[in-house]
Amino acid sequence: MKKFYITTAIDYANGQPHLGHAYEKVLTDVVARYRRLAGDEVHFLTGIDEHGQKVTQTAEKLGKSPRELTEELAPRFVELCRKLNISNDDFIRTTEDRHQKVVQAILQDLYDRGEIYKGSYRGFYSVRQEQFILEKEQLEDGSWPELYGEVIEIEEENYFFRLGKYQEWLVDYLKNNRFVVPAFRQRQVLAFLEEPVNDLCISRPKARLSWGIPMPFDEEYVTYVWFDALINYISGVGYGKDGFSTYWPADYHVIGKDILVPSHSVYWPAMLKAIGVEPPKALLVHGWWHVGGQKMSKSTGLKIDPIEFSETYGADPLRYFLTREMSVGQDSDFTLELFAGRYSADLANNLGNLVSRLLNLAGRHCPDGLPGATVEEDPERSLKADWEEARREILSAYEEFQFHLAMEKTVGFITKLNRYAEIRAPWKLAKSGDARDRELLGTSLTQLAEGLRLATHVLLPVMPEIAGRVLGLLGEATPATWEGHLAWGERLKGRTLAEKTILFPRLHLDEEK
Ligand code: MSP
């Protein structure tokens, strides 16, 4: 069976993991977990990009070799995945043999077939973007767009990939396929392709950059960063071996908006076309996180350490915040105050409150198990109708990558559960000796537990650990798929719930600051 294959970009191993890296992994993980629950077999690949100038430059500054630096940083990125409950099936490093061999085999094949040629190149080169840039991008005052950082002029012999010849095919492909999500980003790619595309310089002389995969046909050169990095998506799933078609074409490459054009949307499909491999089915492109309204950067000290943050405040609350706050495709702002606001309003005071209320009352009044729902009146009927509506909206939001909406609707349904609790007020019913009140008490606790069970299931992709714990408190195992679990029913009848516990401890922001 073809697996649902999803990837993240591979992060440059030239610094500690930051919030942007964390977000991309969380977003991809939400998709991966959602697809597993929806019944797909999923393969989720992430990893790090170890070669190139950025890594070399950082290593030099630190007085280390590039290899020393990436050996130090690789475990940090693996730890980021573990700390954030990322369910990746594999982690690829571009220094691994399995990757380097594939890159070299592809280069040799393309060279043998004349798709790669040697030429002379003189041009402006962005050190930050690791790419040559066009003169027309120079600003009127002779400077360059900030995006490019330091720009230098270089002339040298290099190897080129015949990118230009794939332009027509690519335009045609993009006009006929939904390739980039959200759609407005696909239009950006088409706009880029309105201008002629040059062949792509894919090498660096070893004399200038030694930290890269050697060109198999010329040892004086190493591979240019994108021709190395992009290939991870296929080297990581056994390109050239039996079983590759279980994974390829990838269903989604999840990337940030900065690496859509031209690398993922132009170079990558053309490279694949040149080796006779289908393009990935789609690119899912997210926006950028800012911190306190400003671009994240090392120099301004605005970077948030996601590992430390999740240790302090919990991985799932961070995952929830990132998912709830960002509409995929747009940019978003991260501040501790916004995080704390969501934490207390949505998690502690809403979900946490419901859980502690329910466990408290059930422990006291249903120690031998929930009696089942014997009364059905307007409050019960409308609660069930609310769930039906929420379920439809939540599932369609998941399907359409509107994860912030999926969370908004889920929390909205939890609010409805709390409201139902206020209406039925089981704490008052418990004080009454009236037989009907006893029935209502049992009914309301059973219904609250059932509603919580359902809400928790749809939280699983975003808060796997906390949702799993809540299910455990209800005596439920975490299911492998949603099948048969999302319908309102009597599943918990007779179930004795666990003792009260605190899921969301109070935040002590001032002290933490
Ligand atoms: N190594 C390349 C990608 C090669 S993929 C074949 C790279 N690395 S990166 O470390 O700079 O970025 C990795 C991912 O993190 C990219 O998708 C990028 O968009 C994302 N983010 C980096 N900063 C970000 C934010 N501030 N916010 C959200 N995501 C951001 O590019």
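Keep in mind it's a predicted model, so treat the numbers as computed, not measured. One-based numbering, in listed order, for ligands and for the atoms of each.
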Just need the protein heavy atom nearest to [atom], so name the residue and atom and give the distance.
atom	result
atom 11 (O) of ligand 1	Y12 CD1, 3.3 Å
atom 16 (C) of ligand 1	E24 OE1, 3.4 Å
atom 23 (N) of ligand 1	H18 CE1, 3.3 Å
atom 3 (C) of ligand 1	I10 O, 3.2 Å
atom 18 (C) of ligand 1	D258 OD1, 3.5 Å

Report, in ascending order of atom number, the atoms of ligand 1 lying under 4.0 Å from any heavy atom of [X].
X	answer
G20	24 (C), 25 (C), 27 (N), 28 (C), 29 (N), 30 (C)
G287	28 (C)
G256	17 (O), 19 (O)
M296	25 (C), 26 (N)
A229	6 (C)
W289	25 (C), 26 (N), 27 (N), 28 (C)
Y233	5 (S), 6 (C)
I255	17 (O)

Could a heavy atom of [X] be found less than 4.0 Å from some atom of ligand 1?
X	result
H253	no
S263	no
H264	yes

Testing H18, M326, K295, E24 one by one against W289 for a side chain to side chain contact (heavy atoms under 4.5 Å, CB included), which residue passes?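 So, applying the side chain to side chain contact (heavy atoms under 4.5 Å, CB included) to W289 and each of H18, M326, K295, E24, only M326 qualifies.
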Side chain to side chain contact (heavy atoms under 4.5 Å, CB included), paired with V225, selected from I202, L230, D49: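 Checked I202, L230, D49 against V225; only one passes side chain to side chain contact (heavy atoms under 4.5 Å, CB included): D49.
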Between D49 and ligand 1, which part of the residue brings a heavy atom under 4.0 Å of the ligand: side chain, backbone, both or neither?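 It is the side chain that touches ligand 1; the backbone stays farther off.
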Hey, is K295 touching ligand 1 through its side chain, its backbone, both or neither, going by heavy atoms under 4.0 Å?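 No part of K295 is near ligand 1 at this cut-off.
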I'd like to check the salt bridge (Lys or Arg N to Asp or Glu O under 4.0 Å) partners of R76; sequence neighbours left out, ordered by chain and number.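 Per chain and number, R76 pairs via salt bridge (Lys or Arg N to Asp or Glu O under 4.0 Å) with E79, D305.
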Tell me every residue that passes salt bridge (Lys or Arg N to Asp or Glu O under 4.0 Å) with K241, counting only those two or more places apart in sequence or in another chain.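 K241 satisfies salt bridge (Lys or Arg N to Asp or Glu O under 4.0 Å) with no residue once adjacent residues are dropped.
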Could you go through Y148 and F124, starting from their C-alpha distance and side-chain angles, then the distance that decides it, and tell me whether this counts as ring-ring contact (aromatic ring centres under 6.0 Å, His included)? CA-CA 10 Å; Y148 293 123; F124 294 100; over 10 Å; no
Regarding E465 and R319, does a basic nitrogen lie under 4.0 Å from an acidic carboxylate oxygen?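 No, no charged N to carboxylate O under 4.0 Å.
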Decide, yes or no, whether a salt bridge links E41 with K2 under the criterion of side-chain N to carboxylate O below 4.0 Å.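 K2 and E41: not salt-bridged.
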For residues W144 and L134, report the shortest heavy-atom separation together with the two atoms involved.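 Looks like CZ3-O, 3.4 Å.
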Looking only at side-chain N and O atoms, does D29 offer a donor or acceptor that is under 3.5 Å from a partner on N85?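 Judged by distance alone, the side chains do not pair up.
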Test H43 against every option in Y247, F244, Y252 by the ring pair (Phe, Tyr, Trp, His ring centres under 6.0 Å) rule and name the one that passes.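 Testing H43 for a ring pair (Phe, Tyr, Trp, His ring centres under 6.0 Å) against Y247, F244, Y252 leaves exactly one candidate, Y247.
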Pick from Y398, F44, F4: which one makes a ring pair (Phe, Tyr, Trp, His ring centres under 6.0 Å) with Y34?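 Going through Y398, F44, F4 one by one, the ring pair (Phe, Tyr, Trp, His ring centres under 6.0 Å) with Y34 is satisfied by Y398 alone.
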